[in-house]
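Down below is the structure, laid out as structure tokens.
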Amino acid sequence: MSKPSEGLYERVQEAARAIQDRVGERRPTTALILGSGLGGYADQLQDAVAIPYEEIPHMPVSTVTGHAGRLVVGWRGNLCCAAMQGRVHYYEGHPAREVAFPARVLAMLGAETFIITNAAGGIDPGLEPGTLMLIRDHLNLIPDNPLRGENDERFGPRFPDMTRAYAPRLRALGRDAAHRLGLDVAEGVYAGLPGPSYETPAEVAMLEALGADAAGMSTVPETIVANHMGAEVLGISCITNKAAGITGEALSHDEVTETAARVRETFETLLGTVLTSLERGDRKG
Ligand code: HPA
């Protein structure tokens, strides 16, 4: 039997070294994985170096978007951040292990805090398009787990705890930032689905019964890997549409991108404020 993780550690090391060679003194402690339409924040990082994914060994490259995306390493004040503009998804055909490969690389580079964002459909009827939702927990409904296969203890334990997969103290920090900005943010459970078709209304009813507040097609693999490697995660969903069957209207990718574009400025302000709090170390437990 082939060992799925054979050489994974070495591949992650190679990718991390290649990045380190390019970014010099910059040692990112915060990783930003930016979802559909939310990648613009990376352009605000100062004294930044941008590396196209194609130039990083072993990075999975998107089969969908035409351009693969890039990693931007730079500063927000005194906080060194590594921001992924673009990511690959399970629905593109990559196993969860590959989807989460970049998260492993960022953790190996020294990222201890991950801010992972996505576009999601609102299942809770109170979630209007344009709402930002801090993720409290997730349901992994992707039929895969990035840790499947042989475990390499250098990354983390065989059976990592997921009780606080989304660190309560980072969520508190997100809540405080929103409060200071006078922003209403929601909090809820994110269901990670395989996609790429959107859910049926019956599936949305099922997800609601399971306790999900929002549905999307990303975030879960990266969150599992970040936890495996001992990093903390703040998850933020941009509710871009009401989930299927709630309004009776058909869902469209255009609606998703339009809402993400509309929320972009608010989202970036919230993200910037959270990063300022992280920089100051005014963390809440
Ligand atoms: N379902 C799943 N993924 C999504 C949705 C949705 O309604 N909206 C944006 N991403």
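Throughout, numbering of the chain's residues begins at 1 and tracks the sequence. This one's a predicted model, so the numbers in the text were calculated from it and none came from an experiment.
- The residue from Glu14, Arg11, Glu10, Glu98 that alone fulfils the side chain to side chain donor-acceptor pair (under 3.5 Å) condition with His58 is Glu14.
- Between the side chains of Asp254 and Ser252, no donor-acceptor pair of N or O atoms lies under 3.5 Å.
- Taking the ring-ring contact (aromatic ring centres under 6.0 Å, His included) definition, one finds that Tyr198 meets it with nothing, sequence neighbours left out.
- Nearest heavy atoms, Arg180 versus Ser277: NH2-OG, 3.4 Å.
- The side chain to side chain contact (heavy atoms under 4.5 Å, CB included) with Leu234 is formed by just one residue from the set Leu278, Val274, Leu271; it is Val274.
- Of the candidates Ile33, Leu275, Val233, Leu275 is the only one forming a side chain to side chain contact (heavy atoms under 4.5 Å, CB included) with Ile115.
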What side-chain donor-acceptor pairs closer than 3.5 Å can you find for residues 188-197, not counting sequence neighbours?
unit_1, atom_1, unit_2, atom_2, d
Tyr190, OH, Met217, N, 3.2
Tyr190, OH, Ser218, N, 3.0
Tyr190, OH, Ser218, O, 3.2

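- Residues passing the ring-ring contact (aromatic ring centres under 6.0 Å, His included) test with His228: none are found, sequence neighbours excluded.
- A side-chain donor-acceptor contact under 3.5 Å links Asp144 to the backbone of Ala96.
- Distance check: Gln13 CD to Met108 CE gives 5.0 Å after rounding to the nearest 0.5 Å.
- Applying the side-chain hydrogen bond (donor to acceptor under 3.5 Å, both in side chains) rule to Asn118 yields the partners Thr219, Ser237; only residues at least two apart in sequence or on another chain are considered.
- Taking all atoms of both residues into account, the shortest heavy-atom contact from Arg158 to Asn151 is N-ND2, 3.2 Å.
- Of all heavy-atom pairs spanning Pro146 and Pro221, the tightest one is CG-O, 3.5 Å.
- Tyr53 places a side-chain N or O within 3.5 Å of a backbone atom of Gly86 that can act as its donor or acceptor partner.
- Listed by chain and residue number, nothing satisfies the side-chain hydrogen bond (donor to acceptor under 3.5 Å, both in side chains) test with Arg17 (two or more places apart in sequence, or in another chain).
- The side-chain contact (heavy atoms from CB on, under 4.5 Å) search around Ile246 returns Val204, Lys242, Ala243, not counting sequence neighbours.
- Electrostatic pairing of Arg262 and Glu255 does not count as a salt bridge here, judged by no charged N lying under 4.0 Å from a carboxylate O.
- In Glu153, the CD atom is crowded: over 12 heavy atoms of neighbouring residues, nucleotides or ligands sit closer than 6.0 Å.
- A salt bridge does not link Asp176 with Arg169: none of the charged nitrogens is closer than 4.0 Å to a carboxylate oxygen.
- Counting non-hydrogen atoms of neighbouring residues, nucleotides and ligands closer than 6.0 angstrom, the CG atom of Asp21 exceeds 12 such neighbours.
- By the 6.0 Å contact criterion, CZ on Arg154 is enclosed, its count of non-hydrogen atoms from other residues, nucleotides or ligands being greater than 12.
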